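Let me begin by presenting the structure, written as structure tokens, before commenting on it.
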Amino acid sequence: MTAANERIFAYIKDNLGIDDTEIVKDLLQEYCVTVREYLIKIPQCLEQSDGNGLYRAAHSLKGCSGNVGHEQVRELCLKLETFAKDKDFAEARVILGQLQEATIEICGDN
Amino acid sequence: MDNKKYNILVLDDERFILVTVKACLRGENFNVITADNVQDALTEFKRGNFDLIITDILMSSIDGFKFRDLIRGYNKRIPIIFLTSLLDDIDNSLLSRITRDQYSYYLNKTFTKKTLLEILHQALATYKSIDDVAVLQRSIDDDLTLASQVQRMMLPNWCLTAKGYSASYLYEPMYKVSGDLFEWVDLGQERCLGVIGDVAGHGIHAALCMAPIQTLIKRLGFERAANNLQVHEILSELNEFLCTQFGVNSYMTCLVAIWDFRNNHLVYQTAGHPGIICLDTETSEIRNINPEKRGNLPLGISPQTQYTTKDNIEVDFSDETLFIAYTDGLLDIGSKSNPDDFLGEEALLPLISSLNKTTNVISIPYRIRNAIEQIGFDYPSDDIFLFAIKKKNDNGGIALFRNIPADILEIEDAVAETARMLSDFTGNQDWSGRVEILLSEFLTNIVKHGLEKNHSQRKGIIVRVMVSGSRIFVNVIDHGKFWDYQEGLSGKDADTILNELNEQRNLSGRGLPIILRIAETITREHFWGINETTFVVAEKKSEDVIK
């Protein structure tokens with residue numbers, strides 16, 4: 001288990017009150033499914049210069065990441081939301097790169 | 001929190017959030033049902049018996065607020081918790097949209113088990129306490145409705161048409177039950193005993209006190225009716241009963257009166273109660289029959305209080321004297337537009353003196369109550385009771401007064417008997433026959449279409465028939481729905497309507513054109529829940545009578 005994984009396990013246990021390791025694993029797996037889904041969706045929105053779609057995707061991923069205590073991803077999503085609102089797709093692309101890197105440690109290579 | 005398992009519906013188009021909430025509430029006293037779209041959530045909601053809803057705001061189909069509107073169409077008060085991270089960039093308009101609904105709450109998506117449980121418990125406790133209050137409220141309301149019905153059963157019939165006099169009263173609790181009480185007993189020989197009481201306060205306390213006192217008055221009235229009943233004796237017995245049976249907070253004002261309409265003599269005594277208003281309907285003058293302001297203390301204040309004949313008020317009166325009595329709730333009727341204003345005696349007396357001698361005494365309490373509202377006093381603050389009594393006067397002719405039970409069979413008998421008496425008096429069978437047809441059609445119409453379906457709640461119909469020269473005046477008072485004769489006609493005359501009915505071979509609806517052909521004039525008025533209709537039937541030769 002990576003250090004990042006351990007942090008998230010501890011977060012879920014402390015904050016969501018879930019002790020059962022199997023359930024935590026399932027939850028983390030579900031989180032990674034969500035991450036992968038958005039790491040496909042976000043580039044599509046950038047490709048189509050779809051600010052609204054980008055905002056929604058960033059917003060959803062932000063919510064999920066906050067929930068499992070993945071603070072780095074949550075903050076990147078918050079920035080992405082701002083660039084989506086401003087339709088600043090160049091800056092948004094930079095954030096996308098950072099997002100992909102930040103999620104590798106938890107969910108593996110997307 | 002109790003041990004009940006609460007059913008929670010969670011809506012989010014993000015599957016991960018649904019899984020997280022469910023995992024987080026595992027082992028707690030919640031059944032969690034999830035839906036990832038609004039359609040499924042609504043289907044689940046309609047199918048299940050949910051105690052609370054958690055919903056996302058920003059969803060791919062409709063948003064959480066529109067979902068709330070849909071839910072409120074089914075349930076106005078179920079708590080809805082909005083789970084969202086939108087408030088990361090805090091937005092007051094979003095918060096106010098959430099809290100615009102009294103039963104909506106907010107929880108940040110980055111919740112912890114502690115914050116989630118806190119808000120769930122808070123929302124459910126509020127919902128439960130409001131729900132408990134609503135259940136209790138409904139139960140109290142049902143009890144009060146029953147109490148109101150019981151109270152009505154204890155009161156005498158709403159009008160009295162005895163030999164020599166007629167009387168009626170209006171009883172209006174401020175809210176369902178009343179602390180006012182009233183009884184009348186026909187003592188025979190054209191004498192009437194009337195007892196009016198007003199238990200201090202209003203509402204349940206006063207109404208509970210009213211019931212045993214009303215029973216005692218009934219007993220005293222009927223047991224002693226044959227003996228030489230004295231007004232002060234009734235006050236003494238009631239005072240003793242109140243002082244011994246109730247606490248210090250239960251006193252009442254009371255007025256006991258005996259009218260002797262054979263000798264035109266009234267004797268009464270008041271125990272802190274408003275006196276009797278005495279109107280000479282021929283001169284429109286209100287007589288002050290108690291200039292010395294005699295009276296005694298209210299009942300139930302002291303067992304030492306002596307109620308004796310020295311406080312009696314005794315007056316002789318003319319044939320056309322109308323007596324009005326009331327409880328002070330009448331004078332206290334306020335005005336919504338002017339909260340400092342209330343009716344008072346100054347505004348009441350002109351309304352009473354405007355009544356004329358031909359007005360049917362039975363409708364008088366309702367006419368006065370109607371007029372009070374018409375002059376702007378529309379906000380009662382206490383129970384209201386209003387009573388009118390007057391000697392019957394045939395004015396040398398014939399005046400038939402009947403209280404007919406609202407029943408088809410009773411109507412037929414009463415109408416036939418009225419017609420026989422009219423025929424004997426006038427010697428004109430056609431004339432009395434036309435009155436018979438008119439009355440039969442009209443009263444049948446009231447019973448079939450105007451009155452409550454519930455037979456036990458039906459009040460009798462008062463019919464007064466007077467012959468004056470070549471006119472018969474038929475006056476009918478009923479508690480039915482108000483309907484307008486002229487509107488029923490739609491501008492057609494009676495012949496046209498009858499022809500149309502004949503062409504359609506229609507048997508119903510024939511009453512109206514028949515009545516219109518018989519009556520020379522029809523006046524119909526509505527006062528505070530009663531209808532008063534007067535028909536004038538002129539004497540005609542037999543060939544004019546409808547075939």
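Each chain gets a letter, A, B and so on, in the order the sequences are listed, and its residues count up from 1. Just so it is clear, the structure is predicted and the values come from calculations on it, not from any experiment.
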Count the heavy atoms of every other residue, nucleotide or ligand shown that sit under 6.0 Å from CG of B:Asp143, and state whether that count exceeds 12. yes
Using non-hydrogen atoms and a 4.5 Å limit, figure out which bit of A:Ile23 sits close to chain B: side chain, backbone, both or neither. side chain
Show the nearest heavy-atom pair for residues B:Met59 and A:Arg56, with the distance to one decimal. O-NH1, 3.0 Å
To the nearest 0.5 Å, tell me how far A:Glu30 CD sits from B:Ile17 CD1. 10.5 Å
Measuring from A:Asp14:CG to B:Thr112:OG1, what's the distance to the nearest 0.5 Å? 10.5 Å
Indicate the atoms forming the closest heavy-atom contact of B:Glu14 with A:Ser60, along with that distance. OE1-CB, 3.4 Å
So does B:Ile204 have more than 12 non-hydrogen atoms from other groups sitting under 6.0 Å from CD1? no
Can you tell me if B:Lys176 has over 12 outside heavy atoms packed within less than 6.0 Å of its NZ? yes
Using non-hydrogen atoms only, which part of A:Asp20 is less than 4.5 Å away from chain B: side chain, backbone, both, or neither? side chain
Tell me which of these, A:Gly69, A:Gly66, A:Ser65, A:Cys64, has more heavy-atom pairs under 4.5 Å with chain B than the rest. A:Cys64
Is the number of heavy atoms from other residues, nucleotides or ligands under 6.0 Å of A:Glu101 CD greater than 12? no
Check the surroundings of atom CZ in B:Arg26: do more than 12 heavy atoms from other residues, nucleotides or ligands lie under 6.0 Å from it? no
Heavy-atom donor-acceptor pair, A:Asn15 side chain to B:Lys113 backbone, under 3.5 Å: no
Count the heavy atoms of every other residue, nucleotide or ligand shown that sit under 6.0 Å from CD of A:Gln29, and state whether that count exceeds 12. no
Is it the case that more than 12 heavy atoms not belonging to B:Tyr127 sit under 6.0 Å from its OH atom? yes
So what's closer than 4.5 Å to chain B heavy atoms on A:Ile18: side chain, backbone, both or neither? side chain
Is there a side-chain contact between A:Tyr31 and B:Thr20, using heavy atoms and a 4.5 Å cut-off? no
Write down the atom of B:Phe16, the atom of A:Leu27, and the distance for their closest heavy-atom approach. CE1-O, 3.4 Å
Are there more than 12 heavy atoms of other residues, nucleotides or ligands under 6.0 Å from atom CZ of B:Arg72? yes
Specify the closest pair of heavy atoms between A:Asn67 and B:Thr110, including all atoms of both residues, with the distance to one decimal. N-CG2, 4.4 Å
